[in-house]
Amino acid sequence: MAANAQHNQDFASKFMKMNKADSTIRCVTVSPKMMMTLQGNTDENHTAGMRQAVSKLKSARIVTAADSYFDVAVELLRQNAKRFSLERDFRNGEQHWAFYKRASKRGNIVELIMLQADSNKRQLTIVNLTGNLDDDFIRSLTQDVTEEEHHTE
């Protein structure tokens, strides 16, 4: 039973466990209920879209670390290549983005990992989402980054 629970850990949990000796790495878990509370002051159209997106989430973890951990995170994902597949990888000036996903045996997307290293700020941010995620959900998240990429070029 413990082996099965360990096998089902999300990426952020594995990353934190692997780097537990570094007290500068931080992880915050945001529940769907908290996300709904945080977005409560937006307009109605945005609220409906946000509710739909949040309803698909089981958890969201945000990890921050020094940007040097980007390669550590990518290596951990590569070591687990049977679980995680690279969706997108690009640079935007001083930022390096990588998006990975994990699908269930049925092909449903159950986990999305977004890595963003900013060499100016010397910071890595990992956003790890779990739930019932679909391609539209992922496109909506990556669209903002893509638009930002084209505006800065």
Side-chain angles (χ1 to χ4, degrees), residues 1-40 42 46-47 49-92 95-119 121-146 148-149:
M1 180 102 138
N4 190 31
Q6 194 171 29
H7 181 266
N8 292 326
Q9 281 184 329
D10 65 12
F11 175 77
S13 297
K14 286 183 178 204
F15 182 83
M16 293 301 293
K17 184 176 180 180
M18 185 175 107
N19 298 292
K20 65 183 174 188
D22 188 341
S23 63
T24 65
I25 299 175
R26 302 280 184 232
C27 180
V28 175
T29 301
V30 182
S31 70
K33 184 177 180 178
M34 186 182 293
M35 286 182 246
M36 291 300 291
T37 301
L38 292 173
Q39 62 84 37
T42 59
H46 185 73
T47 301
M50 185 66 119
R51 275 196 194 108
Q52 183 180 5
V54 169
S55 72
K56 296 178 180 191
L57 292 177
K58 180 179 168 189
S59 72
R61 295 183 196 263
I62 303 164
V63 177
T64 55
D67 64 338
S68 59
Y69 278 96
F70 186 89
D71 291 334
V72 173
V74 169
E75 182 57 31
L76 180 58
L77 287 158
R78 286 182 182 151
Q79 288 171 5
N80 290 279
K82 289 183 179 179
R83 283 186 84 196
F84 300 106
S85 62
L86 178 64
E87 275 296 296
R88 186 149 194 211
D89 184 294
F90 62 90
R91 291 185 185 277
N92 178 355
Q95 297 182 7
H96 187 178
W97 292 83
F99 295 83
Y100 288 80
K101 71 178 181 182
R102 178 172 61 94
S104 68
K105 290 179 182 176
R106 294 182 180 159
N108 299 328
I109 302 165
V110 295
E111 187 169 1
L112 177 66
I113 299 102
M114 298 174 283
L115 307 175
Q116 188 249 345
D118 187 322
S119 58
K121 295 179 182 176
R122 303 188 54 80
Q123 181 173 325
L124 167 67
T125 303
I126 301 170
V127 177
N128 189 169
L129 305 175
T130 61
N132 182 18
L133 315 173
D134 56 23
D135 288 327
D136 289 338
F137 179 85
I138 293 173
R139 256 193 301 282
S140 70
L141 290 174
T142 59
Q143 181 177 1
D144 291 338
V145 173
T146 305
E148 209 175 279
E149 173 187 13

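Remember, it's a predicted structure, so these values are computed and weren't measured experimentally. Every heavy atom of this structure was used, including side-chain atoms; hydrogens, water molecules and symmetry mates were not.
- Contact check for Lys14 versus Asn80: side-chain heavy atoms found under the 4.5 Å cut-off.
- Contact between Phe99 and Leu86 at its shortest, heavy atoms only, is O-CD1, 3.5 Å.
- For the residue pair Phe90 and His96, the shortest heavy atom distance occurs at O-CD2, 3.4 Å.
- To the nearest 0.5 Å, the span separating CG on Asn108 from CG on Asn132 amounts to 6.0 Å.
- Here the shortest heavy-atom pairing between Leu76 and Met18 reads CD1-SD, 4.0 Å.
- Closest heavy-atom contact between Asn128 and Phe11: OD1-N, 3.2 Å.
- Considering every non-hydrogen atom in both Tyr69 and Asp22, the closest pair reads OH-OD2, 2.5 Å.
- Rounded to the nearest 0.5 angstrom, Lys101 NZ and Leu129 CG are separated by 14.0 Å.
- Between Glu111 and Arg83, the shortest heavy-atom contact is OE1-NH2, 4.3 Å.
- The closest side-chain heavy-atom distance from Val72 to Leu124 is not below 4.5 Å.
- Within the model, atoms CG of Leu115 and CG of Asp67 stand 12.5 Å from one another, a figure rounded to the nearest 0.5 Å.
- Side chains of Thr24 and Thr64 form no contact here, defined as non-hydrogen atoms less than 4.5 Å apart.
- Taking CZ of Arg91 as the start and CH2 of Trp97 as the end, the distance is 13.5 Å to the nearest 0.5 Å.
- Between Phe70 atom CZ and Gln116 atom CD the span is 9.0 Å, to the nearest 0.5 Å.
- At least one donor-acceptor pair closer than 3.5 Å links the side chain of Asn19 to the backbone N or O of Phe15.
- Under the 3.5 Å distance criterion, the side-chain polar atoms of Thr130 are left unmatched by any main-chain donor or acceptor of Lys58.
- Remark: Arg61 CZ to Met16 CE distance equals 9.5 Å, nearest 0.5 Å.
- With contacts defined as side-chain heavy-atom distances shorter than 4.5 Å, the pair Met114/Leu112 qualifies.
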